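The structure displayed is predicted, hence computed values, not measured ones. Along the sequence shown, the residues carry numbers beginning at 1.
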Amino acid sequence: MRLVIAKCSVDYEGRLRAHLPLATRLLLVKADGSVLIHSDGGSYKPLNWMSPPATLRVLPADEDEAEAGAKDVWHVRHAKSDDRLVIRIHETLHDSSHELGVDPGLIKDGVEADLQRLLADQIDLLGEGFTLVRREYMTAIGPVDILARDPQGATVAIELKRRGDIDGVEQLTRYLELMNRDPRLAPVRGVFAAQQIKPQARTLATDRGIQCLTLDYDAMRGVDDSAARLF
């Protein structure tokens, strides 16, 4: 992984256009070809990124770019679409590369891992006709807990939490944005599933077209029969 801290501006062109004005940012270049641009805020969410497969070319700034203060220009282009990032480097403050090796993957804590396993086994909790594709579907920015298909064959990405808050909705939103760039999966819709979902998270999810699903952990384990309760 290459880590670059630089004063830079960023332009994205693809399905839409986006511009990040000149500022100091962290640029991550991963071995899989992905490039992510981070600020010193916003938690783990990148400001913009290019998912793999992608190619990176570094060229000297042209005359106009040099007059504006740029020294080098990164051209990042997706191999299967017209999406591209243009990163104009004005000053490099840090540049290092590190070999991370093979990652063993995320190990969930007990309850969250059990919820994932149980929901995969009981995928019909999403509704009649849903089918499981796989657990831990890997993307360039992390694994989606469960990938499924609805009765019409459309792709559904499910993010699982013990307690659902806004950060979980933001995480699923990033997965959906990335996965909807892949023509093999698109269109992809999201389901945010948790034992408890905070009202603010539910409001944000609904606003973004993400379905919310409250899970009864005990009932899923067969410990508690919710149908037999008096109240």
Side-chain angles (χ1 to χ4, degrees), residues 10 12 14-21 23-28 30 34-51 103 105-120 122-123 125-127 130 133-148 150 154-182 185-220:
V10 183
Y12 170 81
R15 293 177 303 148
L16 49 81
R17 291 174 180 264
H19 174 69
L20 294 172
T24 301
R25 299 185 177 92
L26 169 64
L27 311 176
L28 299 181
K30 296 188 177 182
S34 56
V35 178
L36 300 93
I37 300 105
H38 284 270
S39 66
D40 199 16
S43 186
Y44 45 78
K45 182 179 180 180
L47 298 170
N48 213 325
W49 71 90
M50 183 66 70
S51 57
D103 192 274
L106 182 67
I107 299 175
K108 302 281 187 175
D109 69 66
V111 174
E112 203 166 301
D114 286 344
L115 281 172
Q116 184 189 109
R117 175 182 56 81
L118 290 166
L119 185 57
Q122 302 171 42
I123 199 69
L125 289 175
L126 294 173
F130 278 78
V133 176
R134 63 167 297 168
R135 294 165 57 187
E136 298 286 338
Y137 180 83
M138 186 57 64
T139 75
I141 56 174
V144 174
D145 288 321
I146 293 178
L147 193 70
D150 67 16
T155 308
V156 181
I158 301 135
E159 181 63 26
L160 284 160
K161 300 292 182 186
R162 285 184 300 169
R163 296 179 181 85
D165 57 21
I166 285 178
D167 283 347
V169 178
E170 293 285 7
Q171 183 180 357
L172 179 54
T173 299
R174 288 194 298 279
Y175 288 145
L176 292 172
E177 184 174 351
L178 178 63
M179 295 170 74
N180 272 304
R181 296 183 187 181
D182 188 340
L185 298 173
V188 186
R189 66 181 181 89
V191 174
F192 187 52
Q195 288 179 274
Q196 300 174 351
I197 300 177
K198 293 183 178 179
Q200 301 93 326
R202 188 180 293 275
T203 298
L204 180 61
T206 301
D207 183 66
R208 294 181 177 179
I210 295 171
Q211 177 187 346
C212 290
L213 176 65
T214 302
L215 299 174
D216 188 328
Y217 182 49
D218 287 337
M220 293 171 73

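With sequence neighbours excluded, the residues satisfying side chain to side chain contact (heavy atoms under 4.5 Å, CB included) with D150 are F130, Q152, A154, V156, R189. Not counting sequence neighbours, the partners of N180 by the side chain to side chain contact (heavy atoms under 4.5 Å, CB included) test are L176, A186, P187, V188. The salt bridge (charged side-chain N to carboxylate O under 4.0 Å, His left out) search around R163 returns none, not counting sequence neighbours. Every side chain to side chain contact (heavy atoms under 4.5 Å, CB included) that P21 has, sequence neighbours left out, goes to H19, R25. Annotation: side-chain hydrogen bond (donor to acceptor under 3.5 Å, both in side chains) contacts of S51 (sequence neighbours excluded): none.
Looking at every heavy atom in both residues, M179 comes nearest to L147 through CE-CD1, 3.4 Å. Here the closest heavy-atom approach between residue P143 and residue E136 is recorded as CB-OE1, 3.1 Å. Annotation for L185 and T155: closest pair O-OG1, 2.9 Å, computed over non-hydrogen atoms. Between L178 and A140 the shortest heavy-atom distance is CD2-N, 3.8 Å. Contact record, G168 with E159: O-CG, 4.3 Å, taken as the closest heavy-atom pair. Shortest non-hydrogen contact noted between L118 and Y217 is CD1-CE1, 3.9 Å.
Between M220 and D114 there is no side-chain heavy-atom pair separated by less than 4.5 Å. For the pair L215/L160, a side-chain contact is recorded, criterion being any heavy-atom separation below 4.5 Å from C-beta on. Taking 4.5 Å as the limit, every side-chain heavy atom of L119 sits out of range of all side-chain heavy atoms of D145. Residues I210 and L172 form a side-chain contact, since some pair of their non-hydrogen atoms from C-beta on lies under 4.5 Å apart. I123 places a side-chain heavy atom less than 4.5 Å from the side chain of I146.
Note that the CG atom of L36 and the NZ atom of K45 stand 13.0 Å from one another [nearest 0.5 Å]. Between the CD1 atom in I158 and the CD atom in Q116 there is a gap of 10.0 Å [rounded to 0.5 Å]. The CZ atom of F192 sits 9.5 Å away from the OG1 atom of T173 when rounded to the nearest 0.5 Å. Taken from CG in D165 to CD in Q196, the straight-line distance is 11.5 Å, to the nearest 0.5 Å.
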Do any side-chain atoms of residues 198-205 form donor-acceptor pairs under 3.5 angstrom with protein atoms, and if so which ones, sequence neighbours left out?
{"unit_1": "R202", "atom_1": "NH2", "unit_2": "T214", "atom_2": "OG1", "d": "3.3"}
{"unit_1": "T203", "atom_1": "OG1", "unit_2": "P199", "atom_2": "O", "d": "3.0"}

Take E177 and R181 through the side-chain contact (heavy atoms from CB on, under 4.5 Å) test and state the conclusion after the steps.
CA-CA 7 Å; E177 184 174 351; R181 296 183 187 181; 4.0 Å; yes
Evaluate side-chain contact (heavy atoms from CB on, under 4.5 Å) for E170 paired with R208, printing each intermediate quantity in order.
CA-CA 10 Å; E170 293 285 7; R208 294 181 177 179; 3.0 Å; yes
